[in-house]
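This report concerns only the one structure given below.
Keep in mind the model is a prediction, meaning the values are calculated, not measured. Chain A is the first sequence line, chain B the second, and so forth, proteins listed ahead of strands; every chain is numbered from 1.
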Amino acid sequence: MSEHSHIRVRFAPSPTGYLHLGSARTGLYNYIFARQHEGTFILRIEDTDLSRSTDAAIVQIIASMKEMGLHWDEGPGVPGPHGPYRQTERDGIYHEYVETLLESGHLYPCFCTPGELEAERTAAQADGRGWVYSGRCRALAPEDVERRRAAGEPHTLRVRVPAGRTVFHDILRGEVAFENETMGDFIVQRSDGTVTYNLAVVVDDVTMEITHVIRGDDHISNTPKQVVIYEALGAGVPEFLHMPLLFGTDKKKLSKRHGATKLEQLTAEGFLVEVVRNYLCFLSAEFDETMITWSLDDLVRDFDVTRLGTSPSIFDPEKLRWMNGRYLRAMTDEWLGGRLVEYLTRVGFYGDPAGVGELAAHGPQALAAAVEGAETEHLPPTVPDEEQEALTREVAPLVHEKLEVLADFVPMAGWFFRPLAFAPEALERLRGTGGAAETLAAAAAGLRDLEPWDVPAIESLVRDLPATLELKPKAVFAALRLGMSGQSVTPGLFESLWVLGRDQAVARLEQTAALLV
RNA sequence: GCCCCCAUCGUCUAGCGGCCUAGGACACCGGCCUUUCAAGCCGGCGGCACGGAUUCGAAUUCCGUUGGGGGCACCA
């Protein structure tokens, strides 16, 4: 492959479910690599497995790709010279190539029945050998073959794998070699006439003029078979880059059991796509704090896909959370306000602050599960009214330093959006605090005529309270915090009172005071 | 079972023969700051899987062992 040839890469997910993070990462790397070399990024849908592929999955995959900003140059919705881009629509092309291969003698018909193959397999197993096809039909006399085909005897087509070994180059690992005898003459066309995965990929990659195949590690042992086909076709073999797999905390391939493993779920928990994208790149690579706030373009400019590690990495939600918090803190209050409005709309917060608050109390995952699980029924997106949106933007600066994921906003500041309510223990705690009633009454009275109504004035009023009431500062602050919010953890007290506004603040403190007598 | 890939703190990693009594980040623990919770700052805990070989010298090279993972289909 010449250094100067135009680079073409493809991302080829099979639409058998949503796009999980491992695949998302493969897509990301392909995209970055393509853009880095001013090459072409192709999206191909490998849907030959009709029983497991769904259109819904295709829609989801496309949505995830777009959300990550991975726009393709050729693929579904973007016609190109090498289409179509769904394998189910490429059947004719595959069979052309099968014909060629048959004529050149690289393929031969095999009449072995599934039962016979099964017998071979069990025999091999009894011997403790790994099973490969014996090649029984390889040397059938041409007349026999003709006669049996004419008789309509069912048969598959197998590749006549040459003796020797197959070596290919992997950008991350260098030369990888396989003894050809370990792959046996594998099937390339089933007895029902449909073509097999390994053939389809190669034909696709050849016809789409793919120069670099960037995919998961789990394809390494398929690669020699594919190389044999490339060679039979007389086609140039592309460069390979097999990325290490992504594991869950149990060191198993990432799957649904590991909690949030798809982008939508993560964003429903309040993670930012930008951060997820960066995190996916930092796995298997050196971590650098300055990269936390990188954009996709920054990744294209400075992230080197070819310098990845080769050992599998474990997806660590803790570090992602930390990164997400770091990212949020690096942004402006205005930006945060906007993202918060967007996020809270999506999770239905504005329609039911109390209900969503209850869910969020069980953690972001619980909230995400509700959003994801019931999409349109349980928690439909709810657009904020003007007041709610303004309040969100006002509160944003108060919680800015504390947020790790956007969902944290709800337990922290959700009380601004609903009438005063106490958890049972909270009110008990307040009753047990000496002087709570007096504190609340004094503060309410002071706030009623406070001039000017601003944070410094509120602060000096509150700070004077302990002395005048002869109470400990801690007790005063705790009483006010609980009295205003019903919660023991809130943003800064003075700022919160100010955002609440004079009327609300006074009313809430008085309301709580009344509960104490 | 056979083939292939992988192997540095719990996790992500730096390291590509001497700069390593192995560096950073998350998590954890302690301290400071402080009206709560965080954030921030400072400090601590913690690792080269094992055994050989090469070498003046090995985390770094080679060979084994062990461990983990992936692939072995008329799945993709």
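Residues A:Leu320 and A:Thr310 both approach RNA chain B. Their nearest nucleotides, taken by heavy-atom distance, put A:Thr310 toward the 5′ side.
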Step by step, would you call A:Asn324 with A:Tyr279 a side chain to side chain donor-acceptor pair (under 3.5 Å)? CA-CA 9 Å; A:Asn324 206 72; A:Tyr279 177 73; over 6 Å; no
Walk me through whether A:Arg508 and A:Ser485 qualify under side chain to side chain donor-acceptor pair (under 3.5 Å). CA-CA 8 Å; A:Arg508 283 174 176 240; A:Ser485 66; over 6 Å; no
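Between A:Phe111 and A:His155, the ring planes lie tilted relative to each other; the angle falls in the 30° to 60° range. Note: A:Phe303 and A:Tyr29 have perpendicular aromatic rings, judged against thresholds of 30 and 60 degrees for the angle between ring planes.
Taking atom C1' on both B:A58 and B:U21, the two are 16 Å apart, rounded to the nearest angstrom. Here the separation of B:C26 from B:C9, taken at their C1' atoms, is 12 Å to the nearest Å. Here, B:U65 and B:G1 have their P atoms 13 Å apart, quoted to the whole Å. Rounded to whole Å, the separation between the C1' atoms of B:G44 and B:G51 comes to 34 Å. Across B:C4 and B:A14, the matching P atoms stand 26 Å from one another, rounded to whole Å. Taking atom C1' in both B:U36 and B:C42, one finds a spacing of 23 Å when rounded to whole Å. For B:G46 and B:A39, the P atoms lie 24 Å apart once the distance is rounded to whole Å. Separating the C1' atom of B:A7 from that of B:G47 is a span of 12 Å, rounded to the nearest Å.
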Using a 4.0 Å heavy-atom cut-off to protein, can you give one letter per nucleotide of nucleotides 34-45 of chain B, 5' to 3': B if the base is in contact, S if only the sugar-phosphate is, - if neither? -BBBBSS-----
Reading nucleotides 63-76 of chain B from the 5' end, what letters show protein touch, with B for base, S for backbone sugar-phosphate only, - for no heavy atom under 4.0 Å? ------SBS-SBBB
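Using a 4.0 Å heavy-atom criterion, one finds that A:Ala285 contacts the sugar-phosphate atoms exclusively. Contacts of A:Thr223 with the nucleic acid, taken as non-hydrogen atoms under 4.0 Å apart, are absent. Residue-level contact check: A:Ala200 touches neither bases nor backbone, having no heavy atom under 4.0 Å from any strand.
No hydrogens or angles considered: a donor-acceptor pair under 3.5 Å links the side chains of A:Thr207 and A:Arg90. Counted by atom type alone, A:Gln226 and A:Asn198 present one or more donor-acceptor pairs between their side chains at under 3.5 Å.
Pairing each heavy atom of A:Thr48 with each of A:Thr88, the nearest pair is CA-CG2, 4.4 Å. Residues A:Pro364 and A:Ala407 approach most closely at CB-CB, 3.9 Å, considering heavy atoms.
Computed from coordinates, the A:Glu286 CD to B:C26 C1' distance equals 15 Å when rounded to whole Å. Going from atom CD of A:Glu289 over to atom P of B:U13 covers 17 Å, rounded to whole Å. Atom P of nucleotide B:U13 and atom CZ of A:Arg307 are separated by 13 Å, given to the nearest angstrom. One atom, CD1 of A:Ile292, and another, P of B:C12, lie 18 Å apart when rounded to the nearest Å. Separating the CZ atom of A:Phe282 from the C1' atom of B:C12 is a distance of 11 Å, rounded to the nearest angstrom. Between the P atom of B:C12 and the NZ atom of A:Lys319 lies a distance of 10 Å, rounded to the nearest Å. The CG atom of A:Asp288 sits 19 Å away from the P atom of B:G23 (whole-angstrom rounding). Whole-Å rounding puts the A:Ile314 CD1 to B:A27 P distance at 17 Å.
For the side chain to side chain donor-acceptor pair (under 3.5 Å) with A:His242, the lone residue among A:Asp170, A:Asp217, A:Asp218 that qualifies is A:Asp170.
Pairing for B:C72 is with B:G1, a Watson-Crick or G-U wobble pair whose two hydrogen-bonding atom distances lie under 3.5 Å. With a cut-off of 3.5 Å on both pairing distances, the Watson-Crick or G-U wobble partner of B:A7 is B:U66. Nucleotide B:U60: unpaired (no Watson-Crick or G-U wobble partner with both distances less than 3.5 Å). Pairing for B:A38 is absent, with no Watson-Crick or G-U wobble pair whose two atom distances lie under 3.5 Å.
Between A:Phe240 and A:Phe168, a ring centre-to-centre spacing shorter than 6.0 Å is recorded.
The line from OG1 of A:Thr306 to CD1 of A:Ile171 is 7.0 Å long, rounded to the nearest 0.5 Å.
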